[in-house]
Amino acid sequence: MTTLARATDALTRDALTVLQPGFAGTTAPDWLLRRLGEGLASVALFGRNVTSPEQVAALTAQLRAEREDVLVAIDEEGGDVTRLEVRTGSSFPGNHALGAVDDVGLTREVAAALGRRLADSGVDFNWAPSADVNSNPGNPVIGVRAFGADTDLVARHTAAYVTGMQSAGVATCTKHFPGHGDTGIDSHHAVPLIDVDADVLAARDLVPFRAAVAAGSRAVMSAHILVPALDPDRPATLSRRILTELLRGELGYDGLIVTDGIEMRAIAGTYGIERGTALAIAAGADAICVGGGLSDEDTVRRLSDALVEAVRSGELPEERLADAAERVRSLSRWTTANRPGARPEDTADGDVGLRAARRALRVTAAEDFTPLTGAPYVAAFTPVANIAVGDETPWGVAAELRRLLPGTETGSFNGPDAGAEALAAADGRRVVAVVRDEHRHPWMAAALDTLLAARPDTVVVEMGVPRAEPRGALHLATHGAARVCGLAAAEAVVGTGR
C-alpha cells in the first residue's frame with residue numbers, strides 16, 4: 001500500500017511538472033504557490049501579470065521563494081508581441097524589422113539585450129522566436145512576427161536570435177513547428193490547413209527549425225496546424241509522426257517540446273483541453289502551455305487529473321509522462337545554472353532597439369516633400385488585433401509625434417467610411433495616416449484612396465507587412481508596430497531621423 005501511495009504521488013508530481021499555467025493578478029495567488037510545492041515546475045506570465053519591471057522582479061522572487069528552480073516563462077517576442085512592455089509598446093523591434101535590416105549581428109545584439117531585460121526581471125524561459133516563413137501574404141496571425149518570407153533569411157536570423165537570447169541565460173522556445181507561415185486561418189480560432197507537398201515543407205518551412213536546432217535552442221513550440229503531407233489525421237501538437245518521428249528523429253532534436261496554448265480553439269474546440277493534453281504528451285510533447293485564456297486552479301487540476309487518468313487507462317504510457325517531466329527538469333537545471341547574477345546597467349541595451357528600428361525604416365518620399373513643422377492630425381486605420389498581439393498594447397505614431405509636434409491630435413477609424421470620417425476629423429490639418437497590413441484589408445486601401453484623392457500631401461505610415469505599393473507625399477514602412485518603430489517613423493516625419 002505504501003509503494004502504491006509513493007507511485008501515485010510521483011505520477012501526480014510528473015503530471016503537474018509538465019504543465020505551464022498562467023494566473024490572474026500581479027502577485028502569485030495562494031493556489032499557485034501551493035501547487036509549486038506539490039510539483040508544479042513552471043509558471044507562465046502574460047500581460048495581465050505585468051505593471052513594471054520592478055513588480056515583475058518581485059513576482060518572480062516570490063515564486064522562487066517557494067521553488068527556487070521554477071521555470072518562469074513568458075511570450076516576449078519584442079515588436080508587436082510584448083508582455084514586459086504591454087502598456088507602453090516594446091523598446092525592441094520585432095522579427096520583421098530585423099529581417100528587413102538583414103544584419104545577423106544586429107539580430108543577435110537585440111535578442112541578447114531583450115534576454116538581459118528578461119533575466120533582470122527573473123524570467124528565464126521565453127516562448128520566442130517565431131521561425132515561421134511568412135509565405136502566405138494573407139496570414140492573419142504571423143505577419144510581422146516572422147523575419148520574412150525568404151527561407152534562408154528566416155533561418156539565419158532564427159539562429160542569431162537563439163544564440164543572442166540564450167547568451168543572456170534565457171532559454172528560447174523556437175515556434176511554431178513545423179511552420180505556421182503558410183496559413184490563412186488563425187489557430188486561436190480554428191485548425192489551419194497547410195496542404196503542400198512534403199518536399200515543399202522540407203525546403204521551406206523546416207529549414208529555420210533545423211537552424212534553431214543547430215544553434216542549440218533549448219525548446220521548440222508545436223503548432224496547432226494540420227499538415228496532411230506529414231500527418232493527415234492529427235494537428236502537429238497531437239501528432240507522433242510530427243513531434244517524435246520528424247522533430248526528434250529526422251531533425252535530431254533532443255530538447256524540450258512545448259505545445260502552443262492548449263486552450264486555443266484549434267485544440268479546445270476539436271478535442272477538448274483534457275484529451276488534447278493527454279494526446280499531446282503521448283505524441284511527444286513535454287510541456288503544456290496553458291493560461292492565456294484559462295488561468296485558474298481548476299484548469300491545472302483538470303489537466304493534471306487528465307494526465308493521471310490517461311496513464312491509468314493505458315492511453316498514455318507512464319514512461320512517456322516521466323520522460324516529459326524529466327525534460328522539464330533538465331531545462332530548469334540549465335536555466336538555474338545559467339541564471340546571471342547582478343550586473344551593472346548596460347547603457348547599450350537602452351538604445352539598441354531604437355537603432356534597429358531606425359535601420360529597418362524604409363522611406364519613400366515625393367520629390368517635393370518637406371518635413372512637417374506644424375501639428376498634424378494622425379488618422380489610425382485600425383484593424384481587429386489578432387489574439388497573439390492583443391489589443392492592450394498601444395501602437396502608432398501619434399504619441400511620438402505629439403512629443404515632437406505639440407498639439408498633434410489623433411483618432412481611430414475602420415470600416416467602409418473610414419477615409420471620409422478621417423478627412424472630416426482632420427478639419428483641414430495635414431494628415432498622417434497610419435495603417436497595418438494595408439494589403440490584407442480592402443477597406444483600409446479604400447480609406448487611403450479617399451484621403452489621397454482629397455489630400456495628396458498625406459503622409460502614410462505602414463506598420464505591418466509592407467506589401468502594398470508605397471503612396472503618399474511620404475511613405476514610411478516600419479516593418480512592425482513596436483514603440484521604437486513609431487518613434488523612428490515620427491522622427492522621419494519631422495526630419496530628425498538619424
Side-chain angles (χ1 to χ4, degrees), residues 20 22-29 32-33 42-94 109-129 161 164-173 291-292 295 335-336 338-357 388-395 399-400 403 480-487:
Q20 297 191 337
F23 62 96
T26 54
T27 59
L32 185 65
L33 298 175
S42 308
V43 173
L45 303 185
F46 295 88
R48 61 173 178 260
N49 306 122
V50 175
T51 58
S52 70
E54 296 76 17
Q55 171 266 324
V56 176
L59 170 57
T60 57
Q62 181 190 16
L63 295 170
R64 292 206 166 91
E66 188 65 38
R67 179 168 180 163
E68 197 274 337
D69 64 346
V70 63
L71 282 170
V72 181
I74 201 166
D75 191 11
E76 180 61 53
E77 299 177 13
D80 292 31
V81 180
T82 180
R83 310 307 179 208
L84 280 185
E85 298 183 274
V86 66
R87 312 295 171 197
T88 61
S90 182
S91 301
F92 301 93
E109 185 182 358
V110 167
L114 179 54
R116 288 190 290 270
R117 188 81 60 88
L118 290 168
D120 286 348
S121 297
V123 176
D124 55 10
F125 184 32
N126 191 14
W127 293 324
Y161 190 105
M165 180 152 289
Q166 292 190 164
S167 73
V170 176
T172 58
C173 183
S295 54
T335 57
T336 300
N338 287 275
R339 193 173 298 156
R343 63 179 182 90
E345 186 63 28
D346 187 344
T347 55
D349 284 5
D351 65 6
V352 63
L354 181 56
R355 285 193 284 111
V389 173
D391 57 8
E392 301 171 287
T393 304
W395 67 283
E400 305 300 340
R403 280 190 278 272
R483 178 178 55 80
V484 287
C485 294
L487 176 53

Closest approach of [X] to [Y] (non-hydrogen atoms, all atoms of both residues):
{"X": "A482", "Y": "F92", "answer": "CB-O, 3.5 Å"}
{"X": "R48", "Y": "F23", "answer": "NE-O, 2.7 Å"}
{"X": "V484", "Y": "A357", "answer": "O-CB, 3.5 Å"}
{"X": "T335", "Y": "A171", "answer": "CG2-CB, 4.1 Å"}
{"X": "R83", "Y": "D75", "answer": "CG-O, 3.0 Å"}
{"X": "P29", "Y": "A24", "answer": "CD-O, 4.4 Å"}

Below 4.5 Å, heavy atoms only, C-beta onward: do [X] and [Y] meet side chain to side chain?
{"X": "E66", "Y": "L32", "value": "no"}
{"X": "T172", "Y": "P129", "value": "yes"}
{"X": "V81", "Y": "W127", "value": "no"}

Answer yes or no: is there a donor N or O on one side and an acceptor on the other, between the side chain of [X] and the main chain of [Y], under 3.5 Å?
{"X": "T60", "Y": "V123", "result": "no"}
{"X": "R339", "Y": "G169", "result": "no"}
{"X": "S295", "Y": "G291", "result": "no"}
{"X": "T393", "Y": "V86", "result": "yes"}
{"X": "D120", "Y": "R117", "result": "no"}
{"X": "E76", "Y": "N126", "result": "no"}

Between R64 and V72, does a side-chain contact (heavy atoms from CB on, under 4.5 Å) hold up when you go through it step by step? CA-CA 9 Å; R64 292 206 166 91; V72 181; 3.5 Å; yes

Enter the distance from [X]:[atom1] to [Y]:[atom2] here, rounded to the nearest 0.5 Å.
{"X": "Q55", "Y": "T27", "atom1": "CD", "atom2": "OG1", "answer": "8.5 Å"}
{"X": "L118", "Y": "L45", "atom1": "CG", "atom2": "CG", "answer": "10.0 Å"}
{"X": "R483", "Y": "R87", "atom1": "CZ", "atom2": "CZ", "answer": "15.5 Å"}
{"X": "N338", "Y": "S167", "atom1": "CG", "atom2": "OG", "answer": "10.5 Å"}
{"X": "I74", "Y": "N49", "atom1": "CD1", "atom2": "CG", "answer": "8.0 Å"}
{"X": "C173", "Y": "M165", "atom1": "SG", "atom2": "CE", "answer": "12.0 Å"}

Side-chain donor-acceptor pair under 3.5 Å between S91 and E85, yes or no?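 Note: S91 and E85 side chains meet the donor-acceptor criterion.
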
Verdict with supporting geometry, L71 and D124, side-chain contact (heavy atoms from CB on, under 4.5 Å): CA-CA 6 Å; L71 282 170; D124 55 10; 4.0 Å; yes

